[in-house]
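Sequential numbering from 1 along the given sequence is applied to the chain's residues. When a ligand or atom number is given, it counts from 1 through the structure's own listing order.
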Amino acid sequence: MNVCPTIVITGATSGIGQIATVELARQGAHIIFTARNENKAAATRAAIKAVAPGARIDVHYADFTSLDAVARVGAEIAANCEHIDVLINNAGLHAFEQRITMDGFSEMVAVNYLAPWLLTNILRNKLISSAPSRVITVASEASRRSGRLQARRDICSTSAFTRLGSSKLYGRTKLMNIMFSLELARQLQGTGVAVNCLDPGFNVTGLGRELGFAATLERVLKFLNIGNPQRGASIIVRLATDPAFGRESGGYFSVNDARRLSPVAPGDDLVAQQELWSVTSELLSGLWIGSLQVKA
Ligand SMILES: NC(=O)c1ccc[n+]([C@@H]2O[C@H](COP(=O)([O-])OP(=O)(O)OC[C@H]3O[C@@H](n4cnc5c(N)ncnc54)[C@H](OP(=O)(O)O)[C@@H]3O)[C@@H](O)[C@H]2O)c1
């Protein structure tokens, strides 16, 4: 890893992503982050500058509900930076009702799964030419609530759900994150790109923002010292910087001492991982190949 690594991170404007970003900048990283809101990007920039006044920071704007925007931002980042040491796929949401994106996908599937898949694949050649490099994806043990997975049905489903039912769909997008990461690790074996994913544990962040009583709950949990997001951020930072995780690839790591986790079925099934990959690749091929041509 370079002394001043270049780290691309999504979802750096809130929660564990913002805390990890500030810490990585404090350790000397050149930060490239994506944001969808200028004021929130300015707040992250200010938080970085407060601890690392000389930090190099680049911001690229994209709302991940638009896959065109994700492809554009990926092409911009690839064109503007010579190398990438670490890509951290962190942006995500837990929606309590079904909302359909302009591309016709469920918002949670688009933002949590399709966006990082597309961004990573657009940056794939850059990551390979920058090796040794890393791809880290923030998954979740909520994946254990996802039920059976049918790749095409679950990527394309836009069925309505209730707040209670939302956990299953959220968990499924996190299971897809794990399967994506394990399959990518296999594809990139021997390239010098280490690919890992993680569970950050329970953190009080903006993830619960759609809960009516989120603000009150946040105050109570903070008072009880439950869900300190510093903890979730620390496992992101560790996977990004600890030399041990530059040598390991294809792991799913816990916030608890970075121990290895076994994904719930079918997360660890190679055939299911490959099927998920091939359906996703087929659905996104226009955007993915298009943006690689723009870059060339
Ligand atoms: N909190 C937990 O307990 C927990 C547990 C397991 C896994 N995770 C995972 O951790 C990651 C970070 O979540 P968090 O807990 O830190 O939540 P958070 O505070 O809500 O942060 C989510 C980040 O994702 C960004 N984001 C959401 N929707 C987006 C969109 N349409 N386009 C672009 N960016 C978007 C947000 O941007 P804005 O600032 O503009 O909203 C924010 O920067 C997520 O992948 C989540 O699934 C969290």
For [X], atoms of ligand 1 separated by under 4.0 Å from a heavy atom:
X      : value
Arg209 : 18 (P), 20 (O), 41 (O)
Thr13  : 37 (O), 38 (P), 39 (O), 40 (O), 42 (C), 43 (O)
Thr65  : 31 (N)
Ser140 : 6 (C), 7 (C)
Lys40  : 38 (P), 39 (O), 40 (O), 41 (O)

*asked:* Is there a side chain to side chain contact (heavy atoms under 4.5 Å, CB included) between Ile32 and Ile84? Walk through the geometry before answering.
replied: CA-CA 9 Å; Ile32 300 172; Ile84 299 172; 5.6 Å; no

*ring-ring contact (aromatic ring centres under 6.0 Å, His included) with Phe105: which residues, sequence neighbours excluded?*
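Listed in chain order: nothing, the list is empty.
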
*Is the closest heavy-atom distance from Ala62 to ligand 1 below 4.0 Å?*
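Judged by the 4.0 Å heavy-atom criterion, Ala62 does count as contacting ligand 1.
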
*So, does Gly201 sit close enough to ligand 1 that a heavy atom of it is under 4.0 Å from the ligand?*
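Distance cut 4.0 Å: Gly201 passes for ligand 1.
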
*Return yes or no for this condition: an N or O of Ala139 is under 3.5 Å from an N or O of ligand 1.*
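No - when backbone and side-chain N and O of Ala139 are compared with those of ligand 1, no distance drops under 3.5 Å.
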
*Quick one: does Pro200 get an N or O within less than 3.5 Å of an N or O on ligand 1?*
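By distance alone, the answer is no.
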
Looking only at heavy atoms, is any part of [X] under 4.0 Å from ligand 1, and if so is it the side chain, the backbone, or both, or is it neither?
X      : value
Val111 : side chain
Lys174 : side chain
Ala35  : neither

